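In what follows, a structure is listed as structure tokens, so that the remarks can point back to it.
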Amino acid sequence: MAVIGAGFGGLGLAVMLKRAGFTDFEVFERAGDIGGVWRENTYPGAACDVPSPLYSYSFAPNRTWPRRYSEQPDILDYLRRVAKDEGVLDHVRLNTEVSAAEFDEGTGRWRLETSAGTVEADVLVPATGQLSRPAVPDIPGARTFAGEVFHSAEWNHDVDLRGKRVAVIGTGASAVQFVPRIQPRVARLTVFQRSAPYVVPKPDRAYTRWHHRLYRSLPVTQLLGRFGTWGVGELLTLALTSVLPLGRLVELLFRVHLRRQVRDRALRKRLLPDYRVGCKRVLFSNDWFPTLAKSNVDVVTDRITEITPEGVRTTGGLHEADVLIYGTGFKATEFLAPMRVRGLGGRELAEEWAGGAHAYLGISVPDFPNMFLIYGPNTNLGGNSIIYMMEHQCRYVLQLVREMAAGHVSCVDVRRDVAERFDREVQGRLAASVWSGCRSWYREENGRISTNWPGLVWEYHRRTAKVDLRAYREVAPGKAA
């Protein structure tokens with residue numbers, strides 16, 4: 001088996017395979033270390049907006065999280081520790097990028113082109129995630145800027161921001177975290193906002209030795225905290241998908257938070273979103289609004305027209321800067337790119353997904369036998385922990401591997417009628433969700449929502465708990481048609 005990506009998804013599957021007694025698998029990682037987004041995102045203040053007891057593997061609880069919402073170094077350390085303790089590091093091939101994968105109908109195996117040569121595998125599991133490729137807007141004159149430029153996901157720690165005029169384009173999840181951290185160091189901070197985010201209080205706190213002792217001696221206490229956070233996440237999901245009036249409570253919380261932290265009425269007005277709560281990602285922060293109210297910070301809502309050597313020009317004029325930072329998120333809808341994948345009949349995955357990515361249960365794509373995705377299309381969440389979803393995808397894949405090991409099946413391809421029926425259901429439900437009402441990274445250019453799951457995570461758990469082999473057809477080598 002070949003697994004692509006050594007983040008939470010790929011490592012989670014590796015651990016489950018190892019625990020189940022399977023050892024003939026390799027995890028291909030293009031970078032020099034494991035960790036996925038938690039290795040890449042090292043910007044100041046990088047942290048998770050899901051409490052750590054839930055944003056972690058259920059099979060590997062961490063009794064010593066330093067705080068409720070852990071930061072990047074601690075999450076990366078956790079992943080490294082789990083991988084080491086579970087003995088899966090020997091299965092990881094670092095500095096090995098997979099550029100292409102093609103299904104060989106004659107042998108019923110996948111052939112991978114990697115930076116270290118050609119590899120064959122019976123099963124292919126891409127676990128590259130949805131947030132692995134930084135998105136940089138195409139702004140006229142961007143290459144002419146005379147100062148330092150970088151994306152938040154590729155933070156340049158060699159650039160000293162002290163006393164500099166810094167321009168930040170974007171007000172998403174990353175910017176909400178790094179802007180408050182860099183504000184005290186810079187001379188001037190100009191934040192360019194296309195649309196204001198909904199930002200609510202972050203109930204964070206540092207864990208004490210007492211917490212750690214309690215979690216070690218009575219693990220059920222941490223489990224109860226995990227369950228409570230999961231339950232709140234389910235309620236938030238309902239507010240975004242099927243019980244939209246619940247979103248008014250989130251909006252009320254936002255408005256109270258904004259009014260308490262920003263006294264300036266004009267600034268408050270600029271920080272009011274013009275879309276329904278949840279249509280774009282709801283953010284958590286206790287210092288975002290106070291930072292924007294600082295004397296050395298400007299919030300610019302005028303449309304950007306170009307970037308010049310001196311700074312950023314908007315419809316309101318030129319804003320000079322020494323450093324330009326993009327906080328513009330990721331290419332979330334470009335699944336598996338830039339890897340080239342070919343299935344039955346040489347069919348390109350890019351062709352299959354020309355109208356938007358889709359997969360049965362977010363895992364299986366018709367005409368791509370024995371390829372199973374982790375964190376695939378329509379498995380992202382707006383209100384709960386993605387680790388929960390990925391664990392159930394890993395368990396689903398493990399079931400299929402066990403069926404193969406037992407000789408019940410050897411090479412399976414999800415039936416197209418099953419996949420299309422599932423996709424119609426998902427898209428129909430998403431059309432009634434809050435995500436259909438505005439432009440966001442959840443949606444394709446054509447309006448299709450290819451990232452998010454339309455229901456509760458409990459429903460996903462139920463639907464992936466047991467593999468229904470009737471949803472698949474057997475593909476015999478040499479007889480794929």
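In this text, all values refer to a predicted model and were calculated from it rather than measured experimentally.
Side-chain atoms of E391 come within 3.5 Å of backbone N or O of S58 as a donor-acceptor pair. Using modelled atom types, one side-chain atom of Y275 and one backbone atom of A196 make a donor-acceptor pair closer than 3.5 Å. A donor-acceptor contact shorter than 3.5 Å is absent between the side chain of R313 and the backbone of T305. Formation of a donor-acceptor pair under 3.5 Å by the S115 side chain with backbone atoms of E97 is found in this model. Using modelled atom types, one side-chain atom of D204 and one backbone atom of Y69 make a donor-acceptor pair closer than 3.5 Å. Between the S152 side chain and the G327 main chain, no donor and acceptor come within less than 3.5 Å of each other. The main-chain N or O of D158 is never found under 3.5 Å from a side-chain atom of E148 such that the two would form a donor-acceptor pair. A distance-only check finds a donor-acceptor pair linking the side chain of T144 to the backbone of I307 [under 3.5 Å]. A donor-acceptor pair is defined here as one N or O able to donate and one able to accept, closer than 3.5 Å; such a pair exists between the side chain of N41 and the backbone of V37. Within the 3.5 Å criterion, the main-chain N or O of L361 finds no donor-acceptor partner in the side chain of N378.
Between E86 and K18 there is no salt bridge, since none of the side-chain N atoms of the basic residue sits less than 4.0 Å from a carboxylate O of the acidic one. Ion pair R39/E154 not flagged as a salt bridge, since none of the NZ, NE, NH1 or NH2 atoms sits closer than 4.0 Å to an Asp/Glu carboxylate oxygen.
The side-chain heavy atoms of V277 and F254, taken from C-beta on, include no pair separated by under 4.5 Å. The closest side-chain heavy-atom distance from S56 to N62 is not below 4.5 Å. At a threshold of 4.5 Å between non-hydrogen side-chain atoms, the residues V168 and L324 do not count as touching. In this structure the side chain of R255 reaches within 4.5 angstrom of the side chain of L272, judged on heavy atoms. Using a 4.5 Å heavy-atom threshold, the side chains of E234 and L238 count as separate. The closest side-chain heavy-atom distance from F145 to E310 is not below 4.5 Å. Annotation: side chain of T237 is not in contact with side chain of V457 (no heavy-atom distance under 4.5 Å). Counting heavy atoms from C-beta on, the side chains of M389 and L381 come closer than 4.5 Å.
Under the 3.5 Å distance criterion, with hydrogens and angles disregarded, no donor-acceptor pair is assigned to the side chains of Y55 and D49. Side chain to side chain, Q427 and H358 fail the donor-acceptor criterion of an N or O pair below 3.5 Å. Side-chain atoms of E29 and T96 include no donor-acceptor pair closer than 3.5 Å. Side-chain atoms of R63 and Q222 include a donor-acceptor pair closer than 3.5 Å.
The two residues D287 and T291 make their nearest non-hydrogen contact at O-OG1, 2.6 Å. The nearest pair of heavy atoms linking S433 to I449 is OG-CD1, 4.4 Å. Contact record, W353 with A357: CG-CA, 3.5 Å, taken as the closest heavy-atom pair. The two residues V312 and A167 make their nearest non-hydrogen contact at CG2-CB, 4.3 Å. Shortest non-hydrogen contact noted between G278 and Y442 is O-CE1, 4.4 Å. Closest heavy-atom contact between C394 and M16: CB-SD, 3.5 Å.
For the side chain to side chain contact (heavy atoms under 4.5 Å, CB included) criterion with V3, the lone passing option out of L13, V397, L124 is L13. Each of R162, K164, R165 was checked for a salt bridge (charged side-chain N to carboxylate O under 4.0 Å, His left out) with D322, and the lone residue meeting it is R165. Among the candidates D264, L292, V199, the single residue satisfying the side chain to side chain contact (heavy atoms under 4.5 Å, CB included) test with L271 is L292.
Between the CD atom of E40 and the CG atom of D33 there is a distance of 9.5 Å, given to the nearest 0.5 Å. Atom CD1 of I304 and atom CD1 of I169 lie 4.0 Å apart (nearest 0.5 Å). Rounding to the nearest 0.5 angstrom, the gap separating the CG atom in D302 from the OG1 atom in T315 is 4.0 Å. The CD1 atom of I387 sits 7.5 Å away from the SG atom of C48 when rounded to the nearest 0.5 Å. R268 contributes atom CZ, which lies 6.5 Å from atom CZ of R265 (distance to the nearest 0.5 angstrom).
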Applying side-chain contact (heavy atoms from CB on, under 4.5 Å) to F150 and V323, what does each step give before you reach the verdict? CA-CA 9 Å; F150 53 87; V323 179; 4.1 Å; yes
The test is side-chain contact (heavy atoms from CB on, under 4.5 Å); show your working for R443 and W435 and say whether it passes. CA-CA 8 Å; R443 305 178 70 189; W435 299 312; 5.7 Å; no
Evaluate the side-chain contact (heavy atoms from CB on, under 4.5 Å) criterion for residues R448 and D423: first the C-alpha distance (whole Å), next the side-chain angles of each, then the deciding distance (0.1 Å), finally the verdict. CA-CA 11 Å; R448 176 188 173 87; D423 187 57; 2.6 Å; yes
Stepwise side chain to side chain donor-acceptor pair (under 3.5 Å) check, Y43 with Q177: CA-CA 9 Å; Y43 60 81; Q177 293 181 342; 2.6 Å; yes
With side-chain contact (heavy atoms from CB on, under 4.5 Å) as the criterion, how do T171 and V176 come out once you've worked through the C-alpha distance, each side chain's angles and the decisive distance to 0.1 Å? CA-CA 6 Å; T171 54; V176 163; 5.7 Å; no
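Residue R30 qualifies as open at atom CZ: its count of foreign heavy atoms under 6.0 Å is 12 or below. Residue R463 places its CZ atom among more than 12 non-hydrogen atoms of other residues, nucleotides or ligands, all under 6.0 Å distant. Within 6.0 Å of CZ in R194 there are 12 or fewer heavy atoms belonging to other residues, nucleotides or ligands. The neighbour count for R81 CZ, taken as heavy atoms of other residues, nucleotides or ligands under 6.0 Å away, is above 12. Other residues, nucleotides and ligands place more than 12 heavy atoms under 6.0 Å from the CZ atom of R270.
Annotation: H392 is not in aromatic contact with Y396 [ring centroid separation under 6.0 Å not met]. Remark: aromatic rings of W65 and Y215 are distant, center separation not under 6.0 Å. Taking the six-membered ring for Trp and the full ring otherwise, the centers of F178 and W155 sit less than 6.0 Å from each other.
Classification of the W453-F422 ring pair by plane angle, with boundaries at 30° and 60°, yields parallel. Taking the six-membered ring where the residue is Trp, Y57 and F59 present parallel rings, their angle staying beneath 30° rather than reaching 60°.
Taking the ring-ring contact (aromatic ring centres under 6.0 Å, His included) definition, one finds that H257 meets it with F289, sequence neighbours left out. Residues passing the side-chain contact (heavy atoms from CB on, under 4.5 Å) test with K294, sequence neighbours excluded: Q183, N296, V297. For F28, there are no ring-ring contact (aromatic ring centres under 6.0 Å, His included) partners at least two apart in sequence or on another chain.
Judged by the 6.0 Å distance and 45° axis criteria, K280 is not positioned over the aromatic ring of Y198.
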